[in-house]
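Working notes for the structure below.
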Amino acid sequence: MTLAFAETDDDTPDDGRHPLFADAPSSVSFNKLRKRLLRQVRQAMDDFSMLKGQKRWLVGVSGGKDSYGLLALLMDLQWRGLLPVELVACNLDQGQPNFPKHILPEYLKSIGVKHRIEYRDTYSIVKEKVPAGATYCSLCSRLRRGNLYRIAREEGCDALVLGHHREDILETFFMNFFHGGRLAAMPPKLLNDEGDLMVLRPLAYAAEDDLAKFAIAMQFPIIPCDLCGSQDGLQRNAMKAMLADIETRMPGRKDAMLRALGHTNPSHLLDPKLFDFSSLETVRPHDDD
């Protein structure tokens with residue numbers, strides 16, 4: 001398969017590769033893609049102080065392209081001495097039908113990363129609780145997150161690291177905007193309710209299309225989601241299609257939208273909890289004595 005990667009102006013000489021990239025393409029285009037993703041991950045870590053006090057990260061690996069890419073990029077940064085934390089990869093086997101249980105343990109062992117495979121049959125709970133025809137994603141996500149928090153604590157980790165990317169953040173924003181009546185997205189850094197774990201999203205600036213190309217080039221053993229992947233009409237799919245259409249008609253809009261989420265002006269919105277509109281008064285000139 002011939003891959004065409006977007007060119008960048010990053011012509012920095014390659015300074016070596018992690019052994020994980022031994023079988024990856026040696027083309028200039030792939031190296032630019034890899035370095036662009038590394039740069040975006042480092043920028044997100046810097047912008048949101050992700051390394052502040054962190055010593056050990058639990059990296060969620062689902063078997064999808066995004067989490068595989070996240071783990072590879074973090075291992076690369078760690079190998080370069082740019083990520084001074086210990087990584088523990090974790091897959092939560094949720095009991096989904098036809099889940100190939102051997103793929104992730106074999107892959108994680110082959111790349112030499114410390115890992116933990118945890119089995120919890122949340123699939124049966126989701127099927128029992130969610131009415132026929134409804135979407136599973138919300139409950140499935142909550143159950144998965146609760147188990148990952150528990151595992152992070154058991155492994156002595158101070159952060160749970162997830163593979164959500166630029167499109168995930170934008171889709172969440174528009175789902176909240178259209179269906180929730182609020183302005184909220186998916187933060188790159190979040191303190192959990194208990195206050196003992198950080199949730200980090202180092203791929204916040206990374207484009208899904210770049211991660212898809214990266215996954216193909218790296219030949220990650222992708223595991224599809226048989227629980228919800230075949231459901232039609234999901235709100236998130238509608239947001240994804242809308243954003244793709246906007247980007248096609250007006251290239252660069254996704255990046256502009258992401259920048260907008262980092263440049264809010266509360267005085268120009270409608271939330272009196274964020275801005276004290278009652279304090280606004282006109283300045284009247286003093287009457288002459």
Side-chain angles (χ1 to χ4, degrees), residues 40 43-45 47-50 60 62 64 66-67 70 122 126 129-131 133-149 159-208 211 225 227-229 231-250 252-280:
Q40 290 168 339
Q43 188 65 55
M45 288 181 181
D47 287 350
F48 301 101
S49 302
M50 292 187 185
S62 65
D66 306 324
S67 58
L70 171 66
T122 63
V126 171
K129 299 294 184 182
V130 177
T135 59
Y136 303 135
C137 296
S138 179
L139 178 58
C140 179
S141 178
R142 290 200 302 272
L143 293 172
R144 181 173 61 250
R145 185 68 56 83
N147 277 288
L148 289 174
Y149 283 162
L160 169 61
V161 188
L162 303 173
H164 296 121
H165 47 65
R166 179 187 69 177
E167 277 72 11
D168 288 322
I169 292 173
L170 292 175
E171 289 159 18
T172 299
F173 173 80
F174 281 105
M175 286 174 66
N176 287 323
F177 185 69
F178 288 130
H179 302 287
R182 61 194 180 102
L183 297 181
M186 186 181 279
K189 182 178 182 181
L190 174 72
L191 183 65
N192 71 335
D193 291 340
E194 293 78 10
D196 64 335
L197 289 170
M198 285 292 181
V199 179
L200 305 176
R201 298 181 172 98
L203 296 180
Y205 295 152
E208 183 175 17
L211 291 166
C225 176
L227 177 61
C228 59
Q231 287 183 293
D232 295 326
L234 295 176
Q235 293 176 353
R236 185 170 291 275
N237 286 347
M239 298 301 104
K240 184 182 292 291
M242 180 193 73
L243 288 167
D245 179 62
I246 292 173
E247 185 71 15
T248 298
R249 290 187 289 110
M250 296 179 285
R253 293 314 94 191
K254 286 184 179 180
D255 282 336
M257 292 177 196
L258 197 70
R259 288 195 300 272
L261 292 179
H263 295 84
T264 56
N265 191 340
S267 68
H268 286 56
L269 297 175
L270 282 72
D271 192 341
K273 297 187 296 297
L274 293 181
F275 184 79
D276 185 10
F277 291 97
S278 65
S279 66
L280 293 179

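These figures come from a predicted structure and were not determined experimentally.
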Write down the atom of [X], the atom of [Y], and the distance for their closest heavy-atom approach.
X	Y	value
A206	L211	CB-CD1, 4.3 Å
M257	L170	CB-CD2, 3.6 Å
R236	D168	NH1-O, 3.4 Å
L183	L269	CD1-CD1, 4.1 Å
R166	A207	NH2-CB, 3.5 Å

Sub-3.5 Å donor-acceptor pair from the side chain of [X] to the main-chain atoms of [Y], do we have one?
X	Y	value
N192	D196	yes
S67	S62	yes
N176	T172	yes

Please indicate whether F277 has more than 12 foreign heavy atoms, meaning atoms of other residues, nucleotides or ligands, lying under 6.0 Å from its CZ.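 Result for CZ/F277: enclosed.
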Got more than 12 heavy atoms from elsewhere within 6.0 Å of CG, L270?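 No, CG of L270 has 12 or fewer neighbouring heavy atoms, counting only those of other groups under 6.0 Å.
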Can you check whether [X] reaches [Y] side chain to side chain, under 4.5 Å on heavy atoms?
X	Y	value
P202	Q40	no
P187	R201	yes
F275	L280	yes
L197	L191	no

Checking salt bridge (Lys or Arg N to Asp or Glu O under 4.0 Å) against K254, which of E167, E171, E247 comes through?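 Per the salt bridge (Lys or Arg N to Asp or Glu O under 4.0 Å) rule, the option paired with K254 is E167, out of E167, E171, E247.
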